[in-house]
Amino acid sequence: MTADPVRRDPDRLFPADPSTRAIARDLYARVATAPIISPHGHVAPGLLLEDRAFPNAAELFVTEDHYVTRLLHASGVNVRTTTDGTTCDPREVWRTLADHWHRFAGTSSAFWLESELHEVLGIRSSLSPETADAIFDEIGARLAEPEFRPRALFRRFGIEFLATTDDPLDDLASHAALAASGLGGRVVPTFRPDRYVDPDAAGFAGNVAALLAATGEATTFAGYLDALRARREHFVRHGAVSTDHGVEEAFTAALYPHEAERLFQAVLAGTADAEQRRLFRGHMLFQMAGMSVEDGLVMTIHAGVFRNHSSETLRRLGADSGHDIPVQTSFTRGIRPMLEAFGLEPGFHVVLFAIDETVFSRELAPLAGFYPSVYAGAPWWFLDAPDAMARYRSAITETAGFYRTSGFIDDTRAFLSIPARHDTARRADAAFLARLVAEGRVPLRLAERIADDLVSAIPREVFKL
Amino acid sequence: MTADPVRRDPDRLFPADPSTRAIARDLYARVATAPIISPHGHVAPGLLLEDRAFPNAAELFVTEDHYVTRLLHASGVNVRTTTDGTTCDPREVWRTLADHWHRFAGTSSAFWLESELHEVLGIRSSLSPETADAIFDEIGARLAEPEFRPRALFRRFGIEFLATTDDPLDDLASHAALAASGLGGRVVPTFRPDRYVDPDAAGFAGNVAALLAATGEATTFAGYLDALRARREHFVRHGAVSTDHGVEEAFTAALYPHEAERLFQAVLAGTADAEQRRLFRGHMLFQMAGMSVEDGLVMTIHAGVFRNHSSETLRRLGADSGHDIPVQTSFTRGIRPMLEAFGLEPGFHVVLFAIDETVFSRELAPLAGFYPSVYAGAPWWFLDAPDAMARYRSAITETAGFYRTSGFIDDTRAFLSIPARHDTARRADAAFLARLVAEGRVPLRLAERIADDLVSAIPREVFKL
Amino acid sequence: MTADPVRRDPDRLFPADPSTRAIARDLYARVATAPIISPHGHVAPGLLLEDRAFPNAAELFVTEDHYVTRLLHASGVNVRTTTDGTTCDPREVWRTLADHWHRFAGTSSAFWLESELHEVLGIRSSLSPETADAIFDEIGARLAEPEFRPRALFRRFGIEFLATTDDPLDDLASHAALAASGLGGRVVPTFRPDRYVDPDAAGFAGNVAALLAATGEATTFAGYLDALRARREHFVRHGAVSTDHGVEEAFTAALYPHEAERLFQAVLAGTADAEQRRLFRGHMLFQMAGMSVEDGLVMTIHAGVFRNHSSETLRRLGADSGHDIPVQTSFTRGIRPMLEAFGLEPGFHVVLFAIDETVFSRELAPLAGFYPSVYAGAPWWFLDAPDAMARYRSAITETAGFYRTSGFIDDTRAFLSIPARHDTARRADAAFLARLVAEGRVPLRLAERIADDLVSAIPREVFKL
């Protein structure tokens, strides 16, 4: 990446073979500017409500993005604010990124950032130690302009639907205000109860106490379930379409009420051992599925990540600082109790996301290819990249086709990267479909329909939009 | 898929790159019409003996094929006969398939069905809601013609060898009659003892009792082994070349005779716990290998599937209704006791099949690349598709070459799909070989030999034909 | 492979697509003749010190290479010397290889051997039953010439750095003599302590006793650690840059000194059970990391192989006879104790190698993408081949880029294959980079820098050269 003027390849991410590329180009052209449906992500609603200008290139693109700080950290540089309050000068942070930019070559982060600089901000030189300062200033100037504020960008990005992720006790006032603010697209909350249902979550007993207090429920398992139901209802009233469950292990368990009651009291009292806490967690995932059958919220399960692998980093930099590391994952046995109880219930939807890609062909495609309730979640997190997307489609399609997959989710808190991420998925899917057409496996006309459906009909069906 | 006349791409499944495609086309041309060797499948021998006309498009292509009913079920539609006897009107079933046909795009099922309609039945329009009725009638007319009866098709398909799968107590009269019927190719039974050796199989104790009664053996472990030996011998006399073992876990265990005797009595009495039942199962897989050393039957192990994942569906639709879901699989430690005892025995052949593709490079290629007895089974079941075949060859070949693999098996009860399945494998292998030639890794003349051997010499060697 | 004159495709291993191939060709041309850095391998230092002529084609290419004997063994032929001393006539061995040569098509071994014959020895006919004798004689004639002795080849190969693997009690006299011999490149030892730290290693207690005796340390855990420290220091003085740890399971454990002392005495006394032996092994891997922090040796962990799968073969042919079989591998939880203690220590480097490729995207890339100490080891052993290298880069790059990988290691004792192996890696990386360029994902100029760095700057940084 040099100081030469950047010319983004209009055929980027398409296969090099000319005949396949031509098909990919045509398929992509159909959906390149289609409205963005983002049914799962982590943008803060306040961003769009307050509509403040973004501060500078460093905070916008580096220090708050743990995809980026992670690789800088691996290169021996910390640019995040530490718990003792040490911060770095934004311009210095940006220069550091430029110095290490070759280390990002080939990563999703590099691809997205280049898209953001070029397509969103109109930067025409490429990042290097030589250009770092000028680009920093150019970005700063752009960000001060009104058309680069969040709400203006939201409209420019063509976001039709955006789900945030929210604490069950959130009053969702921001969402209510947003809905009334005439933004254009629909912004809705997502119910994420992990810290209220996982006994190993920090402050679990206090979290549950707060939940019960907020809903006026008694400290019984039945009261606890009713409290969760009440908060889900609150989310439904504010437009929520789904719940989000982040679990290290995809494990579910059915329990008799008296067992659940006993376990509930034990986890609250802190007397439950590791196996009992696991059982409680698994039963609560089971209960969440049951509530989804009742209230219609789509359940999304993100499984298989060991959070906060480095204790010292957690202490110094806090959570979400780049050291959540995937582990071996499986679903077939672990989610069976849930599917035995609810898997055939009309209207129940559960989307299974994994980072261990071995489950794609082995479990996700077979499960989604049978249960009307199960969808194979799009490649997520570390797999949110062109090659991984190709591996996902290759592993899933021959068993489950395209219509049992979830459609793309961007899963991001980096607002400016949303179009680049969706664009990556659209290009990757066009590339995959083009190969099937070129190899005589799917007729062009059907591939066109699928390309269209992947960005609209499919996510609408899966997330009940 | 439109109502336009279908033109099947003669280069289907070949890579798009013109130079590679040209090589693939030439390699494929060598084997396109080679006789079919099908050493593992599930066609009922009665089909070929009775030679009745196939009833209609729905029964032929939809309701009896759980690959197809599975995806319809996932789409919320059941077209199978339920246990209370509810059936669906064939024409309606066919229309349902047409309505959902886009959902099959990119799957093996779609590719096979299109091949069957076009190549076997000569249907020239493609399936859609608009063409469904006409195609249903057209198929009906074809099926009434004598040249579309099973025996005529068997000859037209060029099937030289076809193995069925049979119960150990089957008298194999159908096979005897078939052999005497002048069909042409050889049709032989396969010994599948799962329900007599797995204590968790439905009716296990009764199955064993029937086995002992049929062979006049005493209810001792020695008698039980002799009974199995006798039935294997019966199969050998009827031309069987292999045994088929479907196991959730690839686990084998050596036991002292008195341990085995005690375990045998416990599993029969129903007093064995889960660990003991597992041990018995593992010991019986070990014993089956020992008997293969004695009688020369090739052992095939199909590992890693959780059968009947949905209890309610099992109750309503029966087994093999599309919800057998793979699980994590490994062989290295689990089959070691068997290989320690028999892995170096001259003439012993064991073919390892897996759906968890992680074992391809990790275990199957290294095992088959060392033990003269072990062959890496072709991609099976959900992996019986072009991309999965490419992944298999890529994962296996660099470690074990082509000659330690099993050759293609179609593993199907869908008789009409046999040519399409073998054609898929031939095209996929031609495509893979063509890439190795194009990349200067295998000389063309050797690739030609390998293409030939994959459809003839290799399965003949592996299955001792 | 015929008797035709061999013309090695100059574009071998490059993608067939012409535009991508052209880019790959240019990238490869930059590094085709770059000096070889081999930071991990198993060449015996005596080979270069004694500089004897290689004996004949069979011993040079077949009987000592368990990659080759392995596949011959799978084909039912043993060409290795057995423990009762039976050897095979070299010419007969070579003829056997020629007879079975088609069975190696597509394997790494075939690709390397063809490179060695053609590029190193200048053989211009290809191996077949017809040419076997002539080629055997031709090789024999070459090997008798002085320019085909080890030291001459070492210089011709352009080896700049070569690490051997050595026993901790080795006096390293060969290395001292080699260093003084004016060979040119640097040849250094590598500290491989497995048999002194794994209670399950053959002769473990005796090994430890010898270690303590050699260093004059007491039979205490502290003495044992000091003995290991002393030997590491000896290696450092002889130029060692790294340690090598071969473990079936990537497991580490921190222990209090008194626990470690008790465990040490138990494993020496042979009273430790399997779980205690595992704990000791895990603690010693932990201790080795601690010593690496002290003395700066780069730690390499090669995980996930079940050694000596066939007891009878171990007895007849000895270790390293081709039946080390990989097993499921994971790092995330197992190496966490080590990374908690040392993962953020400045200067600590640990390179993680695996054969279970599922860890590439799931664990290696995320770990190497965060911890400054962790590098994702190059595809190793069975994965040391073009397709596997492509899968590795595809799985790693999108998360961790190129600069968190180890650079290529050849891991070989087959001296003549070193250039072919590095050439394979250079071609494979050029092919991968070319695709990223062709797909508009990495600018050409940056791809050029990466191609250069992969063969020089990256291994130099990782192995502190």
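Please read all numbers here as calculations on a predicted model, not as lab measurements. The chains referred to below are lettered A, B, ... by the order of the sequence lines, with proteins before strands, and numbering in each begins at 1. Below, each value reflects all heavy atoms present in this structure, side chains not excepted, and no hydrogens, waters or symmetry copies.
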- Top of A:Thr107, A:Asp384, A:Asp9 for chain C proximity - count of heavy-atom pairs under 4.5 angstrom: A:Thr107
- Note on the structure: Assert top hit (heavy-atom pairs under 4.5 Å, partner chain C, pool A:Asp324, A:Val327, A:Asp17) equals A:Val327
- Query: With ring centroids as reference points, do A:His309 and C:Tyr371 lie under 6.0 angstrom apart?
  - Reply: yes
- Is chain A contacted by the side chain of C:Ile450, its backbone, both, or neither, given a heavy-atom distance below 4.5 Å? side chain
- Message: Can you tell whether the side chains of C:Glu448 and C:Arg445 come within less than 4.0 Å, N to carboxylate O?
- Response: no
- Any side-chain donor paired with an acceptor under 3.5 Å for A:Trp380 and A:Asp411? yes
- Interface residues of residues 333-344 of chain C facing chain A - non-hydrogen atoms under 4.5 Å apart: C:Arg333, C:Arg336, C:Leu339, C:Glu340, C:Leu344
- Side chain, backbone, both or neither: which part of C:Phe360 has a non-hydrogen atom closer than 4.5 Å to chain A? neither
- Item | Portion of C:Glu461 that has a non-hydrogen atom of chain A nearer than 4.5 angstrom | side chain
- Query: Counting heavy-atom pairs under 4.5 Å to chain A, which of C:Ser373, C:Pro366, C:Ala395 comes out on top?
  - Reply: C:Pro366
- Any idea which of C:Thr332, C:Leu436, C:Leu367, C:Val374 has the most non-hydrogen atom pairs under 4.5 angstrom with chain A? C:Thr332
- Message: Looking at A:Glu249 and A:Arg278, is any side-chain nitrogen of the basic one under 4.0 Å from a carboxylate oxygen of the acidic one?
- Response: yes
- Item | Side-chain donor-acceptor contact under 3.5 Å, C:Ser394 with A:Arg391 | yes
- Query: In terms of heavy-atom pairs under 4.5 Å, which option from C:Ser361, C:Ala16, C:Ala365, C:Pro346 contacts chain A the most?
  - Reply: C:Ser361
- Item | Side-chain ion pair, C:Asp453 and C:Arg449, N-O less than 4.0 Å | yes
- What part of C:Thr405 lies closer than 4.5 angstrom to a heavy atom of chain A: side chain, backbone, both or neither? neither
- Inter-chain contacts: residues 62-69 of chain A against chain C, heavy atoms under 4.5 Å: none
- From the list A:Ala388, A:Ser108, A:Ala74, A:Ser321, the residue making the most non-hydrogen contacts under 4.5 Å with chain C is A:Ala74
- Top of C:Phe370, C:Tyr403, C:Phe331, C:Phe402 for chain A proximity - count of heavy-atom pairs under 4.5 angstrom: C:Phe370
- Would you say the side-chain atoms of A:Arg421 and A:Thr412 include a donor-acceptor pair closer than 3.5 Å? yes
- Checking C:Thr397 against chain A: side chain, backbone, both or neither under 4.5 Å from a heavy atom? both
- Item | Side-chain donor-acceptor pair present, C:Ser456, C:Arg460, cut-off under 3.5 Å | yes
- Query: Does any heavy atom of chain A fall under 4.5 Å from the side chain of C:Ala368, the backbone, both, or neither of them?
  - Reply: backbone
